[in-house]
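Heads up: the structure comes next, in structure tokens.
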Amino acid sequence: MIEPRTLKGFRDHLPAQALARERILDVARRVYRSYGFAPIDTPALEYLEILTGKGSEETDKQMYRFTDHGGREVGMRFDLTVPFARFAAQHVHDLGLPFKRYHMATVWRGENTQRGRYREFMQCDFDTIGTTSPVADLEMVLVVHDLLAAIGVGGFTIRLNDRRVLAGVLTRLGLADRGPVVLRSLDKLGKATPQAVAAELAGHGVAPEAVAALLEMAGLAGPVDAVLDRLESLGGAVEAGRQGVQALRDITAGAAAAGVAAGRIAVDPSIARGLDYYTGIVLESFLDDLPALGSICSGGRYDNLAGLYTKQPLPGVGASLGIDRLLAGLEELGRLEMVETPAQVFLVHFEADRRDDYLRIAAALRAAGLAVEFFPEAKRVGQQLKLAAKRGFPAALILGGDEFAAGKAQFKNMRTQESVVIDWHGDLPVLVDAVRSLITALGVG
RNA sequence: GUGGCUAUAGCUCAGUUGGUUAGAGCAUCGGUUUGUGGUACCGAGGGUCGCGGGUUCGAGUCCCGUUAGCCACCCCA
């Protein structure tokens, strides 16, 4: 016997999880489309040279790579941004600018696993390229907001920052050339204590007064306007800093104008984002009830997406929903509805010799847009209902010899165990209409 | 990739200083009930104690390795 098992960091998805996942994907698709983002897809496998060199050495090390049967060096995509850069460089002429796309697909990273961190996971990216308009930045924030609200994740906070604010403060502190190191340390705030981060900064040779200024900046919290005013005085003397603060003012004001509740958005100067290619606004979002999970949706603005593949400058802004991390979080919070069937009606197989009647009824219900499962065996009714209950069916339709004789049917609400008798006189459309309205009344139509 | 913790039935766990045929609850399946599920009663299946090696008269229990999970670093969704 071969032991059935899966690779470290790779998982099976059982119906309850897979249904929850598909539901979120449906919501994401709907929200992205509602802003005009169009779907694209790219291959899972690319030439190695396309994928390497864009990220850090770290990502190169984490990439799954091999030599294919034709002797080509290939790699599996580890995010959706790099393939999109290649895609954009290759197809700009057909796309026209600005171009908005969404891409929901699996990516692979050979790194160590942890809760909400796997080696195979799905990302749901959306980006707008070919425009530097602040409207596109604002739209990114709005999409993230609508997305998390529509998924129903509970309380969440979108944390905003702007790379230029950081740059301004760093320049004023004489640390402009130490950017990456300093930002990486500041990015740990929230996970590590301020003292630990201060010690780390000092270890990098940052002067004590600069450490104090950086920690004050990163620790700023509270009302958006107050934070922005303080940031202005910390880094506004430098042009980049001034621009960054202004951009954040624009976006927070625009979000409010678009109807986003004030508490959903915060300006958090400690948000730096590891990836170096962000140049303007950066964003991370957290579940209020599980901030330790990390960001479930992150993004930002970049100056030039595809510089490696084309001379045409392609600025853009976009974000990515980490659906697997989000699912891990929602499951931990007990906020996932664990239903094991996508169907609405369980049709009990009561009398074996009535098989064709059942098939006719099921077909008519399906034609009316209802999802119906017809049990394949004429087993005991109790057993069939037990299975239906376990699977989470909202309703069961029961027709035995008595019902057929009287031209009736039992519609059973599986949650309350209450039955309604439908009098359909053997007239199929009447039965279909009755079932459909009962399903609608249950709120699962 | 580095370090720490963990690993007994599908799940949650018990298992006395190493000592005979490894237990419980829940879940599953069958029956009480050839027409009605989450309760009750009866019964059944299911474990080479993650895997491999070592110490020992004897290992679920001790040691080493390995695989997987969790946590921290790193990085990130």
Side-chain angles (χ1 to χ4, degrees), chain A residues 1 3-11 14 24 28 55-63 78-81 104-125 144 180 183-185 187-188 191-192 196 200 271-276 278 283-287 292-299 319-329 332 346 348-354 375 377-393 395-405 409-419 421:
Chain A
M1 290 277 273
E3 189 194 347
R5 57 188 186 139
T6 52
L7 253 16
K8 179 186 176 77
F10 290 72
R11 303 161 301 150
L14 272 59
I24 292 177
S56 57
E57 284 178 29
E58 196 67 38
T59 53
D60 288 357
K61 258 170 57 182
Q62 291 177 357
M63 194 162 59
F78 60 87
D79 69 9
L80 300 179
T81 304
M104 308 197 294
T106 307
V107 303
W108 296 270
R109 292 183 194 174
E111 67 178 330
N112 242 338
T113 55
Q114 253 177 65
R115 176 184 60 174
R117 268 173 87 152
Y118 313 100
R119 288 182 170 174
E120 178 181 65
F121 61 99
M122 191 172 254
Q123 291 191 320
C124 307
D125 277 33
V144 170
L183 293 185
R184 211 159 294 147
S185 297
D187 211 17
K188 287 177 191 160
K191 263 191 165 180
E200 186 172 320
I271 297 295
R273 297 268 65 222
L275 293 175
D276 294 332
Y278 288 117
L283 157 165
E284 297 198 342
S285 32
F286 297 84
L287 298 180
L293 183 68
S295 174
I296 49 170
C297 190
S298 312
S320 178
L321 172 73
I323 187 175
D324 290 288
R325 175 176 287 184
L326 174 60
L327 280 167
E332 182 168 335
F346 183 92
V348 174
H349 194 154
F350 214 128
E351 314 257 340
D353 53 7
R354 287 284 190 174
F375 198 73
E377 300 170 35
K379 264 174 65 167
R380 278 189 11 224
V381 176
Q383 286 186 27
Q384 294 188 45
L385 289 175
K386 193 174 168 190
L387 183 72
K390 175 188 178 301
R391 293 274 160 80
F393 278 89
L397 193 62
I398 306 172
L399 294 96
D402 298 347
E403 281 82 0
F404 278 115
Q410 261 188 72
F411 179 91
K412 183 161 192 167
N413 180 331
M414 295 300 285
R415 308 270 153 78
T416 64
Q417 301 200 45
E418 289 161 359
S419 288
V421 175

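Predicted model only: the values in this text are computed from it and were never measured. Order of the sequence lines sets the chain letters (A, B, ...), proteins ahead of strands, with each chain counted from 1.
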Discussion item. What's E403(A) touching, base or sugar-phosphate or nothing? Going by heavy atoms closer than 4.0 Å.
Written reply: base

Fill in: Counter-base of G60(B), judged by Watson-Crick or G-U geometry with both distances under 3.5 Å
none

Discussion item. When the P atoms of U2(B) and U66(B) are compared, how many Å lie between them, rounded to an integer?
Written reply: 10 Å

Worksheet item: Within the modelled atom types, does a donor on one side and an acceptor on the other bring the side chain of K412(A) and the base of G37(B) under 3.5 Å apart?
Response: yes

Practice prompt. Can you tell me, in whole Å, how much space there is between the C1' of C11(B) and that of U28(B)?
Written response: 11 Å

Worksheet item: Which whole number of Å gives the distance between the C1' atom of C51(B) and that of U6(B)?
Response: 16 Å

Practice prompt. Using a heavy-atom cut-off of under 4.0 Å over every strand shown, decide if R11(A) touches base, sugar-phosphate, or nothing.
Written response: nothing

Worksheet item: In Å, rounded to the nearest 0.5 Å, how long is the span from CG of L399(A) to CZ of F350(A)?
Response: 9.5 Å

Worksheet entry | Identity of whatever pairs with A24(B) - Watson-Crick or G-U, under 3.5 angstrom | U12(B)

Discussion item. Can you see if the side chain of R380(A) gets near the phosphate of G30(B) - specifically, an N or O under 4.0 Å from OP1 or OP2?
Written reply: no

Worksheet item: When you compare A14(B) with G25(B), how far apart are their C1' atoms, in angstrom units rounded to a whole number?
Response: 11 Å

Discussion item. Could you tell me how far G19(B) sits from G60(B) if I compare only their C1' atoms? Round to whole Å.
Written reply: 13 Å

Worksheet item: Paired with G43(B): which nucleotide, if any, by Watson-Crick or G-U wobble criteria at under 3.5 Å for both distances?
Response: C29(B)

Discussion item. When you measure from the side-chain N and O atoms of Q383(A) to the phosphate of G31(B), is any distance below 4.0 Å, counting only OP1 and OP2?
Written reply: yes

Worksheet item: Of E351(A) and D324(A), whose nearest nucleotide on RNA chain B comes first from the 5' end?
Response: E351(A)

Worksheet item: Which part of the nucleic acid, if any, lies within contact of D125(A), taking any heavy atom under 4.0 Å across all strands shown: a base, the sugar-phosphate backbone alone, or nothing?
Response: nothing

Fill in: More than 12 heavy atoms of other groups within 6.0 Å of K8(A) NZ
yes

Worksheet entry | Heavy-atom side-chain contact between L293(A) and L326(A) under 4.5 Å | no

Worksheet item: Heavy atoms under 4.0 Å, any strand shown: does M414(A) hit a base, just sugar-phosphate, or nothing?
Response: base

Discussion item. Regarding G294(A), tell me which of base, sugar-phosphate or nothing describes its non-hydrogen contacts under 4.0 Å with the strands shown.
Written reply: nothing

Discussion item. Could you tell me how far A24(B) sits from C5(B) if I compare only their P atoms? Round to whole Å.
Written reply: 33 Å

Item to complete: Report yes or no: is the cationic atom of R391(A) (NZ for Lys, CZ for Arg) closer than 6.0 Å to the six-membered ring centre of F346(A), at no more than 45° off its axis?
Response: no

Worksheet item: What is the distance from NZ of K386(A) to C1' of U28(B), rounded to the nearest Å?
Response: 8 Å

Worksheet item: Which base sits across from G1(B) as a Watson-Crick or G-U pair, both distances under 3.5 Å?
Response: C73(B)

Protein-nucleotides 66-69 of chain B N/O pairs closer than 3.5 Å?
unit_1	atom_1	unit_2	atom_2	d
G69(B)	OP1	G9(A)	N	3.0
G69(B)	OP2	K8(A)	NZ	3.2

Practice prompt. Using only side-chain N and O atoms of K379(A), determine if any of them is under 4.0 Å from OP1 or OP2 of G30(B).
Written response: yes

Worksheet item: Mind checking who G37(B) pairs with, Watson-Crick or G-U wobble, both distances under 3.5 Å?
Response: none

Item to complete: Look at R115(A) and C71(B) and indicate whether a side-chain polar atom (N or O) is within less than 4.0 Å of OP1 or OP2.
Response: yes

Discussion item. With rounding to the closest Å, how many angstrom separate the P atoms on U16(B) and U20(B)?
Written reply: 11 Å

Worksheet item: With a 4.5 Å heavy-atom cut-off, do K412(A) and L385(A) have their side chains touching?
Response: yes

Worksheet entry | Sub-4.5 Å side-chain heavy-atom contact between R119(A) and T113(A) | yes

Worksheet entry | Is_stacked (F350(A), G35(B)) at 5.5 Å, 30 deg | no

Worksheet item: In a check of side chain to side chain contact (heavy atoms under 4.5 Å, CB included) between F78(A) and each of E111(A), M63(A), Q62(A), which one passes?
Response: M63(A)

Discussion item. Which is more 5' along RNA chain B, the nucleotide nearest N112(A) or the one nearest F393(A)? Just name the residue.
Written reply: N112(A)

Practice prompt. Can you measure from OG (S419(A)) to CG (L397(A)) and round to the nearest 0.5 angstrom?
Written response: 10.0 Å

Response to the item:
Residues passing the ring pair (Phe, Tyr, Trp, His ring centres under 6.0 Å) test with F411(A), sequence neighbours excluded, are none

Worksheet, complete the sentence: To the nearest angstrom, the CZ-C1' distance between R117(A) and C76(B) comes to 5 Å

Worksheet item: U61(B) and A7(B): how far apart are their P atoms, nearest whole angstrom?
Response: 11 Å

